[in-house]
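Each chain gets a letter, A, B and so on, in the order its sequence line appears, and its residues count up from 1.
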Number of protein chains: 2
Amino acid sequence: MAQQRETVRRTPLSRKRVLSAAVVLADESGVESLSMRKLAQELGVVPMALYKHVANKEELLDGMVDVIVGEIDTGASGEGWKSAVRQRVLAARQILLRHPWARRVIESRTNKSPVVLEYMDSMIGMFQAGGFSVDLTHHVMHAMGSRMWGFTQEVFDDSANATAEISPTMLHAMAEKYPHVMEIAMRADHDDDSVVGQGCDDQFEFEFALDLLLDGFERLHEQGWTSTGRR
Amino acid sequence: MAQQRETVRRTPLSRKRVLSAAVVLADESGVESLSMRKLAQELGVVPMALYKHVANKEELLDGMVDVIVGEIDTGASGEGWKSAVRQRVLAARQILLRHPWARRVIESRTNKSPVVLEYMDSMIGMFQAGGFSVDLTHHVMHAMGSRMWGFTQEVFDDSANATAEISPTMLHAMAEKYPHVMEIAMRADHDDDSVVGQGCDDQFEFEFALDLLLDGFERLHEQGWTSTGRR
DNA sequence: AAAGGTAGGTGTACGGCGTACACTTGTCAA
DNA sequence: TTGACAAGTGTACGCCGTACACCTACCTTT
């Protein structure tokens, strides 16, 4: 009784527990509202306790990325580089979709963790195994860019979503000012009767872009690409 | 004398002056260290004075994006959609390169400003003028993603830069753990004698990816693409 | 059993942030 | 002359990340 104090002994913190809780919190309320203090509160602990397990908030974010990237199913498929890469990227997308904040965080990390490096390494390996030259692989990885994580490039489609809550007057004014944007926004979900649907099929758009890239890679590879002229 | 106080009359603030100063400050020391207080100090004014010209920090960032996007040379070239788009995107890249923080900020804006909408509208217009169907244009814009702003996808190349300051031992260990990554990193600047060069030619990588996309668009357009099967 | 190191959790405090709100002040129209 | 209005000020609040000194429970060594 004197020994055990008045509270039940907490399961002790650990880096892993801290990171998992952080991921959950970010999933629930967005990474921008994740703070060391809230995270500590969630874990029933004083804020400074976290610093015994992560050096600072940056390292916390690094660790969160590792947790996510570690979730990606890395099981090989083994029927040609193209379908292997495709499958891998779609698997990544599956995970990343469940953690919408991860896109921004991954892109903001300047130093790659071992987990991230390993992911990239195995993806490079897929192209190499398909017979791509080192140079071509290099450029191809650049061309993939963040699509290699399964990210959709969000830059475009929000405008469509936004129109859903805009007055007809406003909508009309916009149609005059940005005719092309509106035309596309209207068309985005034309099998729906409402003025503007809830945006477009993200999965389709993603695969469209991914396949476009992969087909391009294939074509270059087949015609024995070498860095023509340049350097 | 009594009228004029002891200080020279300041040129008054204006939305424009606030935004320009913010852009300069972000250029100099990065957008992450830009604060309302520092910006106010830079302008010789008390922080709250800024709020007479921008509603809050979010709107400040919106405005900064507008300043940058407004700088993009929008002059038409008029020899086919492909070279027009190419030229436009490279012009955007030219501007964005001078404001490295803009990438992150543009991507983090959820509501597009008129300036941004107009930029997108005119780009869509280029594809339309080239005879692209509305649907194809839509998908093509998604596939362009943030590359439409001239952004390089940074996800990949930093690892190369980082290796420059790593001990030989460390480097050797990494080569064992991430053989593919290292192979590419080593090759990235092979005409340089140092172990690892200062990374790769970003401009080349960007154009490589851009042309890959544009060629893909062209191919789809020529073969009269329609959204096969899907929806 | 005593001593002492160590890992994990605590409490306090500091400087920075965005911004609400009430205020002064300078300018110009009526 | 008045008095409305736009521009700038001052104070204050509640958040944030985290430095630093501290306690405390446990483990190892003797």
_Can you measure B:R37 atom CZ to D:dC16 atom P for me and round it to whole angstrom units?_
16 Å
_Distance-only donor-acceptor check, side chains B:Q128 and A:H180, under 3.5 Å_ = no
*Closest to side chain of B:V46, choosing from D:dG10, D:dT18, D:dC16*: D:dG10
*Is the NZ or CZ atom of A:R93 both under 6.0 Å from the centre of the six-membered ring of A:F151 and within 45° of that ring's axis?*
no
*asked:* What is the separation between atom OH on B:Y51 and atom P on D:dT11, rounded to the nearest whole Å?
replied: 18 Å
*In whole angstrom, give the distance that lies between atom CD of A:E32 and atom P of D:dC15.*
17 Å
*Between the base of D:dG17 and the side chain of A:K57, is there any donor-acceptor pair under 3.5 Å?*
no
_Of the listed nucleotides C:dG9, D:dG17, C:dG18, the one nearest the side chain of A:S35_ = D:dG17
*Do A:S113 and A:D66 have a side chain donor and acceptor closer than 3.5 Å?*
yes
*For A:K52 and D:dA19, what is the distance between atoms NZ and P respectively, to the nearest whole Å?*
12 Å
*asked:* Rounded to whole Å, how long is the line connecting atom NZ of B:K38 with atom C1' of C:dG15?
replied: 12 Å
*Give a yes/no answer on whether the side chain of B:H53 brings an N or O atom under 4.0 Å of OP1 or OP2 in D:dG8.*
yes
_A:L39 CG to C:dG9 P, straight-line distance once rounded to whole Å_ = 13 Å
*Could you state the atom-to-atom distance from CE of B:M36 to C1' of D:dT9 in whole Å?*
15 Å
*asked:* Distance alone, cut at 3.5 Å: any donor-acceptor contact between the side chains of B:R88 and B:S122?
replied: yes
*Rounded to the Å, how far apart are A:Q41 CD and D:dG17 P?*
13 Å
*Could you check whether B:M48 gets within reach of a base, just the sugar-phosphate, or nothing at all, counting any heavy atom under 4.0 Å?*
base
